Each structure stands twice: as structure tokens, then as C-alpha cells.
Amino acid sequence: MVTVEHLTKRYGAFTAVDDLSFKIEEGHVYGFLGPNGAGKSTTMNIMTGCLSATEGQVKIDGYDIYEEPDKAKRRLGYLPEQPPLYMNETPWEYLKFVGEAKGLRGRELKSQMEAVILQTRLEGMEHWLIAKLSKGYKQRVGIAQALLGDPKIVILDEPTVGLDPIQIIEIRDLIRQLGQERTVILSSHILSEVQTICEKVLIIARGKLVAFDTPENLERLFQASHGVSFVAEARAEEINEILRELDVISGWQMETAADGRSRVDVQAASGEASDLSRSLFFAFSRKKKALLELIPKKASLEDVFIELTETDVPGAEVAEHESVDPFKNPAESKSEESGVAD
Ligand code: ADP
Ligand code: MG
């Protein structure tokens with residue numbers, strides 16, 4: 001449905017998108033996940049033909065976005081990061097303008113406008129001034145215009161940014177609904193968002209694709225590196241002695257309770273979480289010490305992101321100290337010093 005091959009975008013000496021290649025298949029909701037400045041918007045702007053690439057190729061349903069832009073763009077609906085809404089127009093006037101620009105006329109234009117207004121639940125608001133609409137409703141107008149022309153692929157750049165929690169839930173529901181009929185690609189810097197909406201996640205950091213998988217598989221992939229937590233009926237020094245002999249372990253923290261039981265968090269050195277659990281089980285049974293609990297710790301997508309980007313992104317340590325927004329802009333300083341107009 002969409003193929004991106006060796007896509008690169010340079011601004012002067014700065015590489016915003018670095019040799020990205022991936023394939024998007026029909027009928028799923030895909031998420032571009034990455035910190036601010038990762039290159040998500042740049043990639044989306046190139047995919048939709050709004051920006052030229054330095055190198056590489058984008059095909060939409062088989063049509064090259066540069067060589068056959070009309071055919072390619074007819075299959076695309078795009079909500080840019082800052083949709084160009086005209087504040088002193090009504091949604092009706094704005095949608096008519098966009099529909100005409102997409103080549104719709106007459107009855108077809110009107111019936112599509114009515115359909116997208118219903119789909120985005122704008123009915124009743126279509127004759128208000130856009131300026132008077134809430135941010136959530138403005139976003140619906142932006143999504144409605146993307147749906148005009150009945151595109152197979154809908155690309156939404158940070159569709160929930162700036163919305164309040166209720167608006168976010170409504171827009172996410174709308175996106176899920178769109179995903180039942182169309183291929184949807186959205187970008188987000190919020191883990192929980194892609195986790196709840198998307199079936200496939202592309203993690204982008206510093207313009208590079210660092211992972212492409214389902215949220216579940218990404219979690220599994222990194223389970224091993226996060227270890228196991230257990231409770232043992234043994235004294236601290238006995239546990240230390242056992243753990244020191246296991247080379248599948250890279251470190252541990254222990255708390256011993258008054259009843260003589262210890263709770264221990266173990267980090268795996270390598271391999272699968274199940275290998276670590278097995279080693280712990282046998283090591284403790286050899287010493288005739290009971291393990292009362294043995295729980296592999298599941299990595300969240302957040303852990304996965306930190307893991308993947310730590311090696312790639314200088315400054316990603318910011319992520320570990322940010323509890324609210326772990327993706328807060330590791331690349332910000334870089335972008336400022338390299339801002340060259342396109
Ligand atoms: P994201 O959408 O993931 O936050 P962007 O695609 O907007 O990231 O930006 C990627 C990088 O490219 C950033 O470092 C940004 O500052 C830089 N960049 C984007 N547009 C320009 C431009 N016109 N000139 C110079 N640098 C740019
Ligand atoms: Mg962006």
C-alpha cells in the first residue's frame with residue numbers, strides 16, 4: 001500500500017531523515033513513535049508529497065509520489081501537524097474549499113461533505129465559525145478534510161496534541177473507526193497512545209527507523225533485558241552467594257523482611273527471561289532454598305523505547321528522568337543550530 005525506500009532528507013549538513021525504508025500494508029493502523037525532532041513530520045510531509053526528499057522513493061499504492069503525484073495523492077488524506085484552517089470560515093465553507101481543491105464537484109462534493117461531517121461527528125457545528133470551535137472540534141475539521149476524496153490511506157500527524165483528555169478519547173475512537181475501513185498512519189510521541197490505537201509501531205529516533213513491530217512483540221523483545229523479580233526464603237548473604245555464581249545476571253537489588261523472606265529484583269545479562277527464571281529455580285533448589293514467587297518483569301513500550309534509543313540518541317538519558325513525557329526532545333538543541341531553510 002505504501003512503500004518507502006531509502007528515504008533521506010538533509011537540511012544543509014543536518015540529516016533529519018536518515019535512510020528510512022519500510023512497507024505499510026493495507027487496512028491497519030500504524031503508528032510512528034518517536035521523540036520530538038525524530039523526523040516524523042518530515043517523513044510524513046515527504047510521503048504526502050508536501051516536501052521533497054534529498055534521496056529515496058515513496059510509492060503510494062504503486063504510484064511514485066514525485067512521478068505520478070496526482071494519482072498518488074488521490075489515494076491519500078493528510079492531517080498535517082498544523083492544519084491550515086481558516087478561522088473566519090465555517091467547517092462547511094472550509095470543507096467545500098478543500099473538496100473542490102481535491103477535484104470534487106456538485107452532488108458528489110455535497111454528499112462527501114455530508115458523509116465526512118457525520119463520520120467526524122461535526123453535525124450541528126458545520127455552520128459555526130471555525131474560530132469559535134474548541135480545539136477538539138477544530139481537530140475534527142482537520143480530520144474531516146483529510147477524509148474528503150475517500151482516500152484509502154489517511155495520514156495524521158500528532159492528531160491528539162493539545163487536546164484535553166475527553167477530546168483525546170473521542171479522537172482516538174474516531175481513529176480506530178477510520179482504521180476499520182482505511183489504512184491509517186499516525187504519529188505520536190506518546191507511548192500509551194500508539195499502544196492503545198496502533199497494530200504496528202515504527203519507532204523513529206534521529207531520523208532512523210529503530211524498530212518496526214507490534215506493541216506486544218516490542219515488549220516481548222525486551223523482556224529479557226529487564227529481568228525477573230522473586231521472593232526467596234533465604235537470608236541476604238545466602239541469596240548473594242547464589243546470585244554471584246549465575247552469569248545470566250547483570251545485577252540485583254534486595255529487600256529482606258523481618259520474617260526472613262527476601263524480595264529480589266534481578267536484571268538479566270542476556271538471553272530470554274525464561275532462561276533466567278530457570279537458572280534461578282535450579283540454583284535455589286540446589287541450595288535447598290525455597291523460591292516463593294518468580295515473576296518475569298514485562299517491559300513496557302516505554303522501556304523498549306529507552307532501550308532502543310539509548311544507544312542511538314545522544315541525550316536520550318533525558319527520557320529516564322521525565323516521568324510525564326519521556327520523549328521530550330533529545331534533538332532540540334541540534335535542530336536549532338542546524339536550522340537551514342528548505
Ligand atoms: P518530529 O515530527 O519527529 O518532531 P520533524 O520531522 O519535525 O520531527 O523534525 C526533524 C528534525 O529536522 C528536527 O531536528 C527539526 O528541527 C529539523 N527540521 C525540520 N524542518 C526543518 C527545516 N525546514 N530546516 C531545518 N531543519 C528542520
Ligand atoms: Mg512532528
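Each ligand, and each atom within it, is numbered from 1 in the order the structure gives. Quick note: numbers below take in every heavy atom, side chains included, and nothing from hydrogens, waters or symmetry partners. Given the structure is predicted, the values throughout are model-derived calculations rather than measurements.
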Would you say Ala38 has any N or O atom under 3.5 Å from an N or O of ligand 1, going by distance alone?
yes
Would you call Ser187 a ligand 1 contact, heavy-atom distance under 4.0 Å?
no
May I ask you to check whether over 12 heavy atoms, not counting those of Lys102, lie within 6.0 Å of atom NZ?
yes
Check this for me - ligand 1, Thr42, N or O atoms closer than 3.5 angstrom, yes or no?
yes
With salt bridge (charged side-chain N to carboxylate O under 4.0 Å, His left out) as the test, pick out the partner of Glu170 among Arg121, Arg176, Arg140.
Arg140
Within a distance under 4.0 Å of any heavy atom of Pro35, pick out the atoms of ligand 1 and give their elements.
3 (O)
Answer yes if the side chains of Gln267 and Gln253 hold a donor-acceptor pair under 3.5 Å, and no otherwise.
yes
Within a distance under 4.0 Å of any heavy atom of Asn36, pick out the atoms of ligand 1 and give their elements.
4 (O)
Is the Lys NZ or Arg CZ of Arg278 less than 6.0 Å from the centre of Phe281's six-membered ring, within 45° of the axis?
no
Would you mind running through ligand 1 and noting each atom that sits below 4.0 Å from a heavy atom of Phe14?
11 (C), 12 (O), 14 (O), 17 (C)
Is it true that Lys200 and Glu25 make a salt bridge, defined as a side-chain N closer than 4.0 Å to a carboxylate O?
no
Taking only non-hydrogen atoms of Ala16 and a 4.0 Å limit, the atoms of ligand 1 in range are 11 (C), 12 (O)
For the 3.5 Å polar cut-off, considering only N or O atoms, please tell me whether Lys40 and ligand 1 meet it.
yes
Could a heavy atom of Gly39 be found less than 4.0 Å from some atom of ligand 1?
yes
Tell me, please, whether Tyr11 has Lys9 positioned over its six-membered ring: NZ or CZ under 6.0 Å from the ring centre and within 45 degrees of its axis?
yes
Sorted by chain and residue number, the side-chain contact (heavy atoms from CB on, under 4.5 Å) partners of Arg74 (sequence neighbours excluded) come out as Asp70
Note: heavy atom closest to atom 7 (O) of ligand 1, options Gly37, Ser188, Ala205, Ser41, belongs to Ser41
Tell me whether Leu156 is reachable from Val161 by hopping between hydrophobic residues (I, L, V, M, F, W, Y) whose side-chain heavy atoms are closer than 4.5 Å.
no
Glu199: side-chain hydrogen bond (donor to acceptor under 3.5 Å, both in side chains) partners, not counting sequence neighbours:
His28
Return the set of protein N, O or S atoms whose distance to the Mg ion (ligand 2) is under 2.8 Å, each given as residue and atom.
Ser41 OG, Glu81 OE2
Set of salt bridge (Lys or Arg N to Asp or Glu O under 4.0 Å) partners for Asp164, sequence neighbours left out:
none
Please verify the inter-ring angle class for Tyr86 with Phe97; under 30° counts as parallel, over 60° as perpendicular, anything in between as tilted.
perpendicular
